Each structure stands twice: as structure tokens, then as C-alpha cells.
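Note sheet for the following structure.
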Amino acid sequence: MDSPHYPDCLAAAQRLLEARRLDAPILDWPDALRPASFEHAYVIQALQMTALGPVGGWKVGAAAPAAPPTCAPLPLRHRHADPGRLPGDGLSERGVEVEIGVVMARDLPVEDGPYDAEQVWSAVSQVCVAVEMVESRFAARDKVGRLSTLADLASHGALVYQSRGAPARDPRLLNPACVRLQVGGQPPLQGPSQNPAGDPMRLLLWLANQGSRHGGGLRQGQVVITGSCLPMLRAAPGDLIQAAVDGLGELEFICG
């Protein structure tokens, strides 16, 4: 029987951090650094956050309505409220995804759970339009495997969001009837939310009870994004990015 594969999680985290610092995509990702389980991937995330932190939010998603969720902590330093112009530092791919974001009104420590949906929703103060800038530290993201991508903070580059969203009075705000995204002069995308995870509420519930334990639980002021509502577009420096969500308003900024 083959012996189990235990990656060097610290070396993997250091290699990912080096790629960020040098803005140099990773060409060689040996087996010794590749996470062999979700637990390994989350450990590598947490090790990176010791250098990138504090945690300013979370991304959570799932590949299908019945698929198990995954998550990643998001560095506060890469979070931008109504920036006007998004700084271009660290951006090369400039993948653009429009998402639904929620702002936490109070802490939800994992050790105080389990929480039900009503308790999680009562801890949310606002629902807002958000845009995630997707960036990978790998030269060939599609070839390194799902777990390595997850270890790379799930390909997170930056988070842009409305500083004043809609009050979280109704969880139906998480499932908008119409979403719109336009990037530069490209044809706009528009239609009902196409989030592959289904209802984002199940993602928030899982994140509060399980996923966020690697980052100390959900905290007041953090912004959680819940998966792309439309297919990803790519931006170029100077492109105007416009995102709108029914019931939440609009978000507009220039891509650096």
C-alpha cells in the first residue's frame, strides 16, 4: 500500500506568498507542496494569512446545489469599498465576477455554534453588490488541481464592494431576479443569478458553523462573498467595471 502523502504546508504557503510578493506566477509546483486533502489546503491558507492578515472577509461557494462548500479567508489589505479606481498592484489576470456580499454586524465564533439560519441571518447588517477580482499564483491554474487552487486563497485577487448596501431585512435579497455586469466595451452580461451553489444561505450557514474555523470564525465588519452570479469576464487596465444587482443597486469603478 502506498504511504499517505503529507505535503510541506509551510513550504507551500511560503511559495505562494513569494509568488504574490514577486508578482511571478509559479511554474513548478512539485508533489511535495501539493495539498492532498481539504484540511491541508485550509492549513496552507491559514499559514499565508499570518503574513497577509488580518482577515477582512471570506469567499464561500460550491460547484452545485448539493455539492459541499469550500471557502477562503480574504485579506483586509485587498478589500476596497467604493474605490472609484481599483489599484492595479498584484493584478495581472483581472478576472471579474459579480457576487452578492454580506457585511457581518457581529461576531459568530465557531465555538459558540452550531448556529441555525435565523441566527446567522440576524448577524448580518447589510447585503451589497460585490466584485471579486480573480487572480491565480499559478501559471497554469487549470493544471494544478482543485486543492492547490483552494490553497491559493481560492484564486482571490481583490474584493470591491458597496460601502452602503441594503439593510438585511429579507434573505430573499441573496437570490436576485436580475444581475448585470459590464466590463469596458465588452457586451454586458445580464440575467437571473446563475450561482452554481444554489441558495447562498446554505453557504453562509456552513461558513459560520464549519468553514471559518480556520480563521477564527466570522467577525463583525467582515464582508462575505457568496459565489459568482454570472460568468467571469476579463478586464484590462483602465476598463470601467459596472455591476448591478436587483434590489441592491450598482457598483462602478475603474480597473487599475
Side-chain angles (χ1 to χ4, degrees), residues 7 9 12-29 33-35 38 40-49 51-53 55-64 67-80 86-101 130-161 181 183 194-197 200 203 207 211-212 214-215 223-236 241 243 255-256:
C9 292
Q14 291 172 336
R15 184 70 185 88
L16 288 163
L17 288 169
E18 180 185 40
R20 284 179 178 269
R21 181 176 61 83
L22 300 177
D23 196 17
I26 296 171
L27 300 174
D28 179 31
W29 187 241
L33 300 183
R34 293 175 184 252
F38 287 101
H40 291 154
Y42 290 131
V43 169
I44 294 169
Q45 287 183 359
L47 288 168
Q48 290 173 83
M49 290 305 296
L52 297 174
V55 177
W58 293 84
K59 64 180 293 184
V60 61
T70 59
C71 67
L74 308 182
L76 179 63
R77 66 174 73 184
H78 299 317
R79 195 183 85 182
H80 307 271
L86 178 67
D89 298 345
L91 300 182
S92 57
E93 296 184 38
R94 295 179 174 82
V96 182
E97 294 182 345
V98 57
E99 307 199 16
I100 308 299
V131 165
E132 183 184 23
M133 303 300 296
V134 178
E135 296 286 336
S136 177
R137 266 47 65 180
F138 299 107
R141 177 176 53 171
D142 295 340
K143 295 182 179 180
V144 297
R146 178 187 181 192
L147 292 176
S148 292
T149 298
L150 181 62
D152 180 29
L153 303 189
S155 300
H156 180 67
L159 168 60
V160 181
Y161 70 104
L181 175 65
V183 176
Q194 300 171 29
N195 190 328
L203 302 178
L207 184 67
S212 63
H214 295 280
V223 179
V224 180
I225 52 176
T226 56
S228 185
C229 297
L230 294 171
M232 184 179 74
L233 297 177
R234 291 192 182 275
I241 296 174
C255 185

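All of these numbers come straight from a predicted model, not from anything done at the bench.
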Pair up each side-chain donor or acceptor in residues 12-25 with any protein partner under 3.5 Å, not counting sequence neighbours, and list the distances.
residue, atom, partner, partner atom, Å
R15, NH1, E18, OE1, 3.2

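- Scanning both residues, A130 and G101, for their nearest heavy atoms gives CB-N, 4.2 Å.
- E97 contributes no side-chain N or O that, together with a main-chain N or O of V134, makes up a donor-acceptor pair within less than 3.5 Å.
- Contact annotation: the side chain of Q194 approaches that of P231 to within less than 4.5 Å [non-hydrogen atoms, C-beta and beyond].
- Separation of atoms CH2 (W58) and CG (L74) is listed at 8.5 Å; rounding is to 0.5 Å.
- Counting only heavy atoms from C-beta outward, the side chains of P69 and L207 never approach each other to under 4.5 Å.
- Checked by atom type and distance alone, the side chain of R94 never pairs as donor or acceptor with a backbone atom of L233 at under 3.5 Å.
- Counting all heavy atoms, side chain and backbone alike, A62 lies closest to A67 at CB-O, 3.6 Å.
- Here the side chains of L33 and P7 are not in contact, with every heavy-atom distance at 4.5 Å or above.
- Contact detail for P35 and A41: the closest heavy-atom pair is CB-N, 3.8 Å.
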Please tabulate, for the side chains in residues 138-150, all donor-acceptor contacts under 3.5 angstrom to protein atoms that are two or more places apart in sequence or on a different chain.
residue, atom, partner, partner atom, Å
R141, NH1, S155, OG, 3.3
S148, OG, W29, NE1, 2.8
S148, OG, V144, O, 3.4
T149, OG1, G145, O, 3.2

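- At distances below 3.5 Å, not a single donor-acceptor pair connects side-chain atoms of D152 with backbone N or O atoms of S136.
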Going through the checks in order, is the side chain to side chain contact (heavy atoms under 4.5 Å, CB included) test met by L86 and L91? CA-CA 10 Å; L86 178 67; L91 300 182; 3.8 Å; yes
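- Closest approach of T226 and L203 over heavy atoms only: O-CD1, 3.4 Å.
- By the side chain to side chain donor-acceptor pair (under 3.5 Å) test, Q45 pairs with no residue at all, sequence neighbours left out.
- With sequence neighbours excluded, the residues forming a ring pair (Phe, Tyr, Trp, His ring centres under 6.0 Å) with Y42 are H214, listed by chain and number.
- The CZ atom of R234 lies 11.5 Å from the SG atom of C255; values are rounded to the nearest 0.5 Å.
- Legend: residues meeting salt bridge (Lys or Arg N to Asp or Glu O under 4.0 Å) with E99, ordered by chain and number and at least two apart, are absent.
- Checked against side-chain contact (heavy atoms from CB on, under 4.5 Å), P75 has the following partners two or more places apart in sequence or in another chain: M49, L52, R77, H78, L153, H156.
- One distance of note links NE2 of H40 with SG of C9; it measures 5.5 Å at 0.5 Å rounding.
- A 4.5 Å side-chain heavy-atom check between P73 and Q48 finds every atom pair outside the cut-off.
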